[in-house]
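Only heavy atoms go into these numbers, but all of them, side chains included; no hydrogens, no water, no symmetry mates.
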Amino acid sequence: MAFVADCSVTIAWFIAGQANELTEALLDRATTENVHVPFVWRAEFAATLLTLSHNRRIQPRRVPAILDEIERLDLLDDATPPTVRSLMDLARRNALSAYDASYLELALRLRLPLAARDAPLRRAAQRAGILLE
């Protein structure tokens, strides 16, 4: 079944210290199932990779291979991003950042399970009746 993945999950696919059984299982599924990401995911993923390579948590020479692999997974970008107003409302109601609200909004709109490691985002998804991966 398709799912929405947040950046904490997708980055764990490439950073051993952040991976766990759940993220590894989700990566296996990502090779055969549709994985949806919101409009902010690309910038958030790139920013995380930059930070990790600047801080030497990953070798900068690994970044091109990570980019090749994430492109091969062919994640599905949100074709119809929400309005700023709807993101603000959702974020405020759930005490989330606008970034996290974008993942919640996409899962709600597509009626898909959400794969996230962030505790506040997971709690908000549960309150909204979204199945968690």
Side-chain angles (χ1 to χ4, degrees):
M1 172 184 227
F3 60 94
V4 173
D6 87 338
C7 190
S8 68
V9 167
T10 59
I11 205 71
W13 294 345
F14 305 100
I15 311 302
Q18 295 189 21
N20 59 30
E21 286 182 23
L22 173 63
T23 60
E24 290 172 7
L26 291 167
L27 175 57
D28 288 341
R29 288 178 52 196
T31 63
T32 60
E33 299 176 28
N34 288 332
V35 180
H36 296 263
V37 292
F39 64 100
V40 300
W41 177 85
R42 288 180 184 271
E44 191 174 8
F45 189 83
T48 303
L49 274 182
L50 283 168
T51 299
L52 290 170
S53 66
H54 288 319
N55 294 339
R56 301 286 191 215
R57 292 199 49 213
I58 60 170
Q59 293 292 327
R61 69 178 194 275
R62 282 195 58 222
V63 171
I66 291 170
L67 295 174
D68 289 344
E69 180 62 23
I70 201 74
E71 288 172 359
R72 272 193 294 280
L73 289 173
D74 198 25
L75 305 183
L76 300 173
D77 292 315
D78 184 15
T80 55
T83 65
V84 173
R85 182 179 307 276
S86 66
L87 276 181
M88 291 283 297
D89 291 345
L90 192 58
R92 283 184 178 148
R93 280 196 317 271
N94 291 282
L96 296 173
S97 69
Y99 300 107
D100 284 348
S102 69
Y103 295 98
L104 179 60
E105 188 279 334
L106 185 60
L108 283 166
R109 182 164 29 95
L110 298 181
R111 295 187 174 128
L112 290 175
L114 176 64
R117 298 177 67 197
D118 179 74
L121 178 54
R122 290 178 65 83
R123 283 192 299 273
Q126 286 177 313
R127 285 192 304 270
I130 294 174
L131 180 66
L132 293 171
E133 294 290 352

Does the side chain of L121 come within less than 4.5 Å of Y99's, by heavy atoms?
no
Starting from V4, can I reach L131 by hopping between I/L/V/M/F/W/Y residues whose side chains sit under 4.5 Å apart?
no
According to a 4.5 Å side-chain heavy-atom criterion applied to Ile, Leu, Val, Met, Phe, Trp and Tyr, with indirect links allowed, do L73 and V63 form part of one hydrophobic cluster?
yes
Provide the closest heavy-atom pair for P38 versus D78 in the form atom of the first, atom of the second, distance.
CA-CB, 4.0 Å
For S97 and A91, work out which heavy atoms get closest and say how close.
O-CB, 4.0 Å
Is a side-chain N or O of N20 found less than 3.5 angstrom from the main chain of L22, in a donor-acceptor match?
yes
Single-linkage hydrophobic cluster, 4.5 Å side-chain cutoff, L67 and I15 together:
yes
Would you please name every residue forming a salt bridge (Lys or Arg N to Asp or Glu O under 4.0 Å) with D77, sequence neighbours left out?
R42
Within-4.5 Å side-chain heavy-atom neighbours: R57 and Q18:
yes
To the closest 0.5 Å, what do you measure between OG (S8) and CH2 (W13)?
10.5 Å
Does any part of the side chain of T10, heavy atoms only, come nearer than 4.5 Å to the side chain of T48, both counted from C-beta?
no
Do you know which two heavy atoms are closest between I130 and A107, and how far apart they sit?
CD1-CB, 3.8 Å
Give, for atom CG of D100 and atom CG of L90, the distance between the pair rounded to the nearest 0.5 Å.
10.5 Å
CG (L108) and CG (L114) are apart, to the nearest 0.5 Å, by 9.0 Å
How does the hydrophobic cluster around M88 look, that is, which other residues are in it when side-chain heavy atoms under 4.5 Å mark a link?
V84
Roughly how far, to the nearest 0.5 Å, is the CG atom of D118 from the OH atom of Y103?
10.5 Å
Whether the side chain of R29 engages the backbone of M1 through a donor-acceptor N/O pair (distance < 3.5 Å, no angle test) should be reported.
yes
Any side-chain donor near an acceptor of the partner, R117 and T23, under 3.5 Å:
no
Atom CZ of F14 and atom CG of L52: how far apart are they, to the nearest 0.5 Å?
12.0 Å
Does CZ in R111 sit with more than 12 non-hydrogen atoms of other residues, nucleotides or ligands closer than 6.0 Å?
no
Residues N34, L112; criterion side-chain contact (heavy atoms from CB on, under 4.5 Å); working and verdict:
CA-CA 11 Å; N34 288 332; L112 290 175; over 6 Å; no
Could you measure the distance from the OG1 atom of T31 to the CG atom of L26? Nearest 0.5 Å is fine.
11.0 Å
Would you say that S102 contacts W41 through its side chain, given a criterion of any heavy-atom pair below 4.5 Å between the two side chains?
no
What heavy-atom pair brings A125 and L104 nearest, and what distance separates the two atoms?
CA-CD1, 3.8 Å
Taking C-beta and beyond as the side chain, do V9 and E133 meet within less than 4.5 Å on heavy atoms?
no
Minimum heavy-atom separation for P60 and S53, please, with both atom names.
CG-O, 4.0 Å
Give the minimum heavy-atom separation between A116 and R122, together with the two atoms involved.
O-NH1, 2.8 Å
